[in-house]
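Here is how names work: the chains are called A, B, and so on, in the same order as the sequence lines, proteins then strands, and each is numbered from 1.
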Amino acid sequence: MTVPPATRTRGREGAQALAAELSKLVSLPATWLTLGGTLVVNLILATAFTTAGLQGSTGTKSAVDIGLASIGYAQAGFVILGVLAACSEYTGGQIRTTLTAMPRRALQLTAKHLALAIVVFPAAASTAASGVVLTAGVLGGTAAPVTSGHVAGALIGVTAYLALTTLISAAVGALVRRTLAAVVVLLGYLFVAGPLLRDHVPAAKYLPDSAGFAMWFPSARFPSAGDAGAVTPAQGALLLVAWTAVLIAAGVLGYRRWDV
Amino acid sequence: MEVITIDDLVKRRGSRTILSGISFQARPGRVTGLLGPNGAGKSSTLRVLLGLDRATSGTALIGSVPFVKLRNPLATVGAVLDGSGAHRARTGRAHLRWVARSAGLPRARVDEVLEIVGLTNAASKRVGGYSLGMGRRLGLAAALLGDPEILVLDEPVNGLDPDGIRWIRTLLRERAASGRTVLLSSHLMEELAATVDDVVVVNEGTVVADGTLDEVTGSHRTLEDAFFALTTGAP
């Protein structure tokens, strides 16, 4: 066998940790089940929204707005993916194998988030595009016209939002360490606590969900687009990146301290 | 050749004291057995040694550094803890592949260790379908990937059938004979008497005896008799 060199550089160690984390992610059947299931559910929802749009006054909405409406629900799949990436470590005592192979915990958990970002970006882009393509195909010229710049901007916004939401979910998963509990916390926030706060607390526009929506969902922007003090897409993106960084840092800090 | 040095290890969890000053060494070329009843602190000692748990005070060193500072952990220490250490949804081969990648080891090494532990035919099966014994073999395969100087095993014979026990005994003796360090824990005295050179007996978080197998057995008929005399005060 090839004996590894007695010393390896930090860079090489990082690259090897990333390779290991990528290998873990792609060899976990749940990764592909979750991504495939999310794509299918998104297409079903997009079809439902498009059909509803055909019966209503589609002329007021573009194919982009209708095609992306399903993302508000499909994001649940990305939340689950992020949580699974982090919490699957705690199945079968795998965490002990992980940490005896990669004892530098900050490096290992960072590599895990990076691997997740690499896997989730193309998946998020495909999911975002699938709804819009389906809607545009069905509605054709009946929907409100949009520029290609608007389409590209919305798709990039949605893709980034889904990817960052996945990373936040992994960070929360790393902190909670239990799949079900982490999923309940995140979905409870996104679908119950977040919308309630948005309606009652002005500062809620800076929270990850509202800031994230501002990146891609103009009608959901809070306060409404055009109002003074509304979060712009760029500000929303910056806020969500900051939230992601803070939550990953919190995950790393906790992870470095506790017994596994 | 690396020595394992445990020095005055204390571990408290809340108000409970799990380890109250454990000290001993495990030397190259020898199989050291950490013996004691369930709950004596054997697993906790090994977990602190491997950087999985933090000690309240004291040190556990591989050569001169703590485990978490090792530059190439997989090539220095192979660890087998309880269970398989693998996610049940992955195949045995997929599990070993990601572990190998973490140290930059070639794919061919995965097939080598599968062969060594006798899991070649089960390598494409999901770990969830493995028997207890197969899970233990997979854990050992991961530990052997980097052909390490040191093997650390928590209750290695648990879940193994008589063939498996005989096989792992031979493997550990061979590792020690080639000058490597083997540290294992067990609560089964007789399984170990034939395997270990040195014995460290722990009870209630402290070392109650430390020496060669003959020294610890002393005037008692068997290691088991000596163990009960040491841990329960029985004659």
By a 4.5 Å heavy-atom criterion (distance strictly below it), what part of B:Ala89 contacts chain A: side chain, backbone, both, or neither? both

Sub-3.5 Å donor-acceptor pair from the side chain of A:Thr50 to the main-chain atoms of A:Ala46, do we have one? yes

Is a side-chain N or O of B:Ser102 found less than 3.5 angstrom from the main chain of A:Ala17, in a donor-acceptor match? no

Kindly compute the distance separating CG (A:Leu99) from CZ (A:Arg105), expressed to the nearest 0.5 Å. 5.0 Å

Applying a strict 4.5 Å limit to non-hydrogen atoms, the region of B:Leu81 in contact with chain A is side chain

When heavy-atom pairs shorter than 4.5 Å are enumerated against chain A, which of B:Leu74, B:Leu50, B:Asp82, B:Val77 gives the highest number? B:Asp82

What part of A:Arg10 gets within 4.5 angstrom of chain B, counting heavy atoms only: side chain, backbone, both, or neither? both

Might you work through the salt bridge (Lys or Arg N to Asp or Glu O under 4.0 Å) test for A:Glu89 and A:Lys112, ending with a clear yes or no? CA-CA 11 Å; A:Glu89 289 285 358; A:Lys112 179 180 285 297; 2.9 Å; yes

